[in-house]
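Written below as structure tokens is the structure these notes are about.
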Number of protein chains: 2
Amino acid sequence: MARTQGSHSDITGPRVREAALRLFALHGYAAVSMRKIAAEVGVQAGALYNYTPDKQTLLFDLMRTHMEDLLAAWEAAAPAPETGAAAALEAFTRFHIRFNTRRADAVFVSYMELRNLEPENFNVIEGLRRDYETAAEAILRRGVAEGRFAVAEPRIAAMALIALLTGVNTWFRERGRLSLGEVETVYWDMVRRMVANQG
Amino acid sequence: MARTQGSHSDITGPRVREAALRLFALHGYAAVSMRKIAAEVGVQAGALYNYTPDKQTLLFDLMRTHMEDLLAAWEAAAPAPETGAAAALEAFTRFHIRFNTRRADAVFVSYMELRNLEPENFNVIEGLRRDYETAAEAILRRGVAEGRFAVAEPRIAAMALIALLTGVNTWFRERGRLSLGEVETVYWDMVRRMVANQG
DNA sequence: GGTTTATCTGAACATCCGTTCAGATCAAGG
DNA sequence: CCTTGATCTGAACGGATGTTCAGATAAACC
């Protein structure tokens with residue numbers, strides 16, 4: 001018995017990635033076996049190799065896709081350059097919180113499993129991460145140039161900003177006391193003060 | 001042939017914990033075998049069981065010790081309550097950065113390996129973490145009561161503060177461009193603005 | 001210096017791991 | 001309706017896993 005009824009590459013492929021992402025986030029890459037992923041999909045372990053050359057590449061593709069989605073989504077959401085830096089920073093703040101809380105598993109995996117990437121794959125993901133940090137840094141530098149932000153160390157402030165915002169993922173739950181919009185506002189209030197010229 | 005020359009519980013015990021912490025931080029709990037820890041210590045895998053009942057307890061003890069050290073160190077470093085909230089927040093900021101950058105491995109493990117703890121152990125570590133968050137929250141509430149801080153959501157702000165400060169660990173390297181003291185000052189500058197009354 | 005005892009070795013246990021592959025199965029195309 | 005080819009099964013591979021334990025060793029004590 002092989003090839004169950006209604007089996008298709010279009011269906012199984014995404015399901016493999018979804019199951020892998022969920023299980024990697026829950027238990028960690030090293031703790032999740034190919035057999036467990038296969039069981040989640042409802043398939044034998046061997047079948048996974050129609051969709052990934054190996055386990056490492058499966059992890060890498062999940063992380064690369066997440067980072068590329070993040071960068072593309074910000075490019076699409078970023079206000080026009082002629083808009084002020086303050087508006088850009090507010091947009092970045094709200095975008096980051098909204099995007100990341102909606103993909104908690106991918107965010108978690110992309111940060112936690114860096115050490116399980118082979119060096120070549122690690123460098124790719126690190127490069128994408130640096131691109132995102134640089135986007136945040138550019139906003140801060142623009143604000144300084146406009147005379148609206150007081151930021152002594154823009155690169156450090158950019159990383160501090162991203163750490164601050166990503167922290168939302170550790171506690172935020174839908175149906176909690178605060179809506180996502182309210183959380184965004186609370187954080188934007190903190191971010192605004194953090195970089196403001198008149199302290 | 002057993003019991004190598006000069007072997008002692010006082011020596012091997014700490015070395016087991018050091019090796020485990022280092023390797024867990026580097027590769028992750030699930031990816032590090034008891035044999036690898038033993039090899040790092042220069043001993044056979046069986047000998048580790050003189051120092052821990054099992055691998056899970058070894059991880060748990062490392063995390064519990066770290067969290068207890070953190071809480072005890074802050075209790076010792078915290079300024080007297082009659083000191084103002086601003087001074088307490090500066091002390092907290094500098095303390096957190098200094099303490100955590102000096103124990104990067106333990107910080108990393110205590111955050112990354114939460115999901116590899118059995119439920120009972122997880123609850124213990126979570127409780128300790130909450131205690132620390134509550135200490136930060138108390139400072140913010142005091143500042144609000146004193147009329148010096150403007151913080152709409154003290155619990156959220158406390159977690160945001162900790163996420164912001166812990167982020168230093170992802171990029172800080174000794175012998176980098178900035179000394180630890182300079183980094184503390186950069187962050188304290190951001191924290192001060194973040195909670196300041198006049199934004 | 002002989003005895004005790006903490007400490008460690010080396011082998012064994014059942015179980016799981018990632019990956020491969022021949023062969024079975026079934027949806028689609030002619 | 002028959003053929004083709006994509007998809008999946010089930011078994012197998014060598015090797016690694018956490019843990020146990022009888023026996024060997026050497027430091028500490030009398």
Side-chain angles (χ1 to χ4, degrees), chain A residues 1-24 26-63 109 113 115-118 120-121, chain B residues 1-24 26-63 109 113 115-118 120-121:
Chain A
M1 10 180 151
R3 177 151 207 192
T4 25
Q5 229 170 356
S7 64
H8 284 297
S9 178
D10 314 359
I11 296 174
T12 309
R15 289 192 60 203
V16 168
R17 287 188 287 276
E18 283 161 23
L21 184 62
R22 215 181 67 81
L23 292 176
F24 287 165
L26 201 54
H27 303 113
Y29 172 75
V32 174
S33 66
M34 294 299 268
R35 283 172 178 82
K36 284 179 190 152
I37 298 171
E40 183 94 351
V41 176
V43 109
Q44 293 298 316
L48 299 183
Y49 291 84
N50 290 321
Y51 303 98
T52 182
D54 48 44
K55 192 186 176 191
Q56 165 75 201
T57 305
L58 178 55
L59 172 64
F60 173 60
D61 284 343
L62 289 172
M63 294 172 70
V109 168
E113 305 298 353
R115 60 190 169 183
N116 285 312
L117 287 177
E118 288 162 10
E120 197 177 341
N121 294 340
Chain B
M1 10 177 153
R3 180 152 206 191
T4 25
Q5 231 171 353
S7 64
H8 285 296
S9 179
D10 315 359
I11 296 173
T12 310
R15 290 193 60 203
V16 167
R17 288 188 287 276
E18 284 162 23
L21 184 62
R22 215 181 65 82
L23 292 175
F24 287 165
L26 202 52
H27 302 113
Y29 172 74
V32 174
S33 67
M34 295 299 269
R35 284 171 179 83
K36 283 179 192 153
I37 298 171
E40 183 93 350
V41 177
V43 108
Q44 293 297 317
L48 298 183
Y49 290 83
N50 290 320
Y51 304 99
T52 183
D54 48 43
K55 192 186 176 190
Q56 166 74 200
T57 306
L58 179 55
L59 173 64
F60 173 61
D61 284 343
L62 289 172
M63 293 172 70
V109 168
E113 304 298 354
R115 60 188 169 183
N116 285 311
L117 288 178
E118 288 161 10
E120 197 177 342
N121 294 339

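Convention: sequence-line order gives letters A, B, ...; per-chain numbering from 1. Keep in mind that the numbers below use all heavy atoms, side chains included, and drop hydrogens, waters and symmetry copies.
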Residue-phosphate contact under 4.0 Å: B:Ser33 side-chain N/O, D:dA16 OP1/OP2 = no
With the side chain counted from C-beta on, respond yes when B:Lys36 and B:His27 share a heavy-atom pair under 4.5 Å apart, and no when they do not.
-> no
Shortest non-hydrogen separation from B:Ala47 to B:Val43 and the atoms involved | CB-CG1, 3.8 Å
Could you check whether B:Val32 gets within reach of a base, just the sugar-phosphate, or nothing at all, counting any heavy atom under 4.0 Å?
-> sugar-phosphate
Write down the atom of B:Val41, the atom of B:Thr12, and the distance for their closest heavy-atom approach.
-> CG1-CG2, 4.1 Å
Length of the CD1-P vector between B:Ile37 and D:dT19, whole Å = 10 Å
Which whole-number value in Å describes the distance from B:Gln44 CD to C:dT9 C1'?
-> 6 Å
Return no unless some side-chain N or O of A:Thr12 is found under 4.0 Å from OP1 or OP2 of D:dC8.
-> yes
Taking D:dC8, C:dT19, C:dG10 as options, the one with an atom nearest any side-chain atom of A:Met34 is C:dT19
What pairs with B:Thr57 under side-chain contact (heavy atoms from CB on, under 4.5 Å), at least two apart in sequence or on another chain?
-> B:Thr52, B:Pro53, B:Asp54, B:Asp61
Go through residues 46-59 of chain B and report each residue with a non-hydrogen atom lying under 4.0 Å from DNA chain C, sorted by number.
-> B:Gly46, B:Ala47, B:Asn50, B:Tyr51
Derivation of the side chain to side chain contact (heavy atoms under 4.5 Å, CB included) call for B:Leu58 and B:Leu48 = CA-CA 10 Å; B:Leu58 179 55; B:Leu48 298 183; 5.8 Å; no
Check nucleotides 12-14 of chain C against the protein and report each pair of N or O atoms closer than 3.5 Å, with its distance, or say if there are none.
{"residue": "C:dA12", "atom": "N6", "partner": "B:Arg35", "partner atom": "NH2", "Å": "3.3"}

Nearest atoms (heavy-atom pairs only) where B:Tyr29 meets B:Lys55 = O-NZ, 3.0 Å
What is the distance from NZ of A:Lys36 to C1' of C:dT15, rounded to the nearest Å?
-> 12 Å
Whole Å only: how far is the OH atom of B:Tyr29 from the P atom of D:dT17?
-> 13 Å
Which atom names give the shortest non-hydrogen contact between B:Val32 and B:Leu23, and what distance separates them?
-> CG2-O, 3.3 Å
If we only count heavy atoms from C-beta on, is the A:Arg17 to A:Tyr51 side-chain gap below 4.5 Å?
-> no
Should the pair B:Glu113-A:Arg115 be classified as a salt bridge under the 4.0 Å nitrogen-to-oxygen rule?
-> yes
